[in-house]
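The block underneath contains the structure these notes are about, expressed in structure tokens.
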Protein chains: 2
Amino acid sequence: MSLTQLRYFVAVAEEGSVSRAARRCFVSQPPMSRQLRALEDELSARLFARTPSGMTLSSEGARFLAHARRILQLVDEAPAVVRPD
Amino acid sequence: MSLTQLRYFVAVAEEGSVSRAARRCFVSQPPMSRQLRALEDELSARLFARTPSGMTLSSEGARFLAHARRILQLVDEAPAVVRPD
DNA sequence: TCCGTTTACGGGGGACGTAAAGATA
DNA sequence: TATCTTTACGTCCCCCGTAAACGGA
């Protein structure tokens, strides 16, 4: 699991589409799709249901979305934490 | 910032030495030292004071240690989050 | 047939390991 | 001088981008 995978996952969950999420993340679709698959494989969980109209979160995916957001928020707060008094 | 960097950072903070932390993480010293430096550069903060006897946390480093542990704990909890009901 | 996702394949960047150099008590 | 950290350098692996193929309404 990597922070990049978490960011991709959140973007896809919010956009409902790999292609839109890829544009938002300034990356092309294939790498994003691969990272999503790799994340699902590592977690042994299907986070999305694939449909021709896009990606919809599974129940596991919905739980994981909140978790991923917490992690990314902490990461974003890191600079403030180390800022000198 | 990467999860690997956070794991290295926590290991060094706990071991007080890059060489011991490297053994614990099954990596050699140079990569670990590089990752620590890269993390410090990215955060624009000196997390450790280097001494011949090892590494000691700075005040910023001490604050960041708690933060890094929270992040890594959430990451470790990910499998449980996605486990089906 | 069309939209979106997924694989193939070639190229580039980053991380590691060994070995040597630097720094401090 | 002895210990620990840091750089040099070569190698390998992983990720990305383009292009083509697959799959469902």
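First the proteins, then the strands, lettered A, B, ... as listed; each starts at 1.
Rounded to an integer number of Å, the gap from R23(B) CZ to dC4(D) C1' is 11 Å. The distance between atom CZ of F48(B) and atom P of dT6(D), rounded to the nearest whole Å, is 10 Å. The CE atom of M32(B) sits 14 Å away from the C1' atom of dT6(D) (whole-angstrom rounding). Rounded to whole Å, the distance from CD on E42(B) to P on dG14(C) is 13 Å. Rounded to an integer number of Å, the gap from CD of E40(B) to P of dT6(D) is 8 Å. Nucleotide dG4(C) holds its P atom 16 Å from the CG atom of L36(A), rounded to whole Å. At whole-Å resolution of the value, CG in L3(A) and P in dC15(D) are 13 Å apart. In this structure, the CZ atom of R50(A) is 16 Å from the C1' atom of dC3(C), given to the nearest Å.
Residue S17(A) is in sugar-phosphate contact alone, with no base atom involved, counting any heavy-atom pair closer than 4.0 Å across all strands shown.
When the side-chain nitrogen and oxygen atoms of T4(A) are compared with OP1 and OP2 of dC15(D), none of them lie within a distance under 4.0 Å. Distances shorter than 4.0 Å separate none of the side-chain N or O atoms of S53(B) from OP1 or OP2 on dT3(D). At dC16(C), one or more side-chain N or O atoms of Y8(B) fall inside 4.0 Å of OP1 or OP2 (strictly under the cut-off). Side-chain nitrogen and oxygen atoms of S33(A) include at least one within less than 4.0 Å of the OP1 or OP2 phosphate oxygen of dT6(C).
In this structure the side chain of F64(A) reaches within 4.5 angstrom of the side chain of L43(A), judged on heavy atoms. Side-chain atoms of L57(A) and F48(A), non-hydrogen and from C-beta on, do get closer than 4.5 Å to each other. With contacts defined as side-chain heavy-atom distances shorter than 4.5 Å, the pair E14(A)/R69(A) qualifies. Two residues are said to be in side-chain contact when any heavy atoms from C-beta on lie closer than 4.5 Å; V27(A) and Y8(A) meet this criterion.
Open room surrounds CZ on R46(A); 12 or fewer heavy atoms of other groups in view lie less than 6.0 Å from it.
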Legend entry - Protein-to-nucleotide contact annotation, 5' to 3' order, nucleotides 17-25 of chain D [B base; S sugar-phosphate only; - none; under 4.0 Å, heavy atom]: BBB----S-
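By the 4.0 Å N-to-carboxylate-O rule, E15(B) lies too far from R23(B) to be salt-bridged with it.
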Inset, instruction - Given side-chain contact (heavy atoms from CB on, under 4.5 Å), test L47(A) with V82(B) step by step and report yes or no. - result: CA-CA 8 Å; L47(A) 301 174; V82(B) 299; 4.1 Å; yes
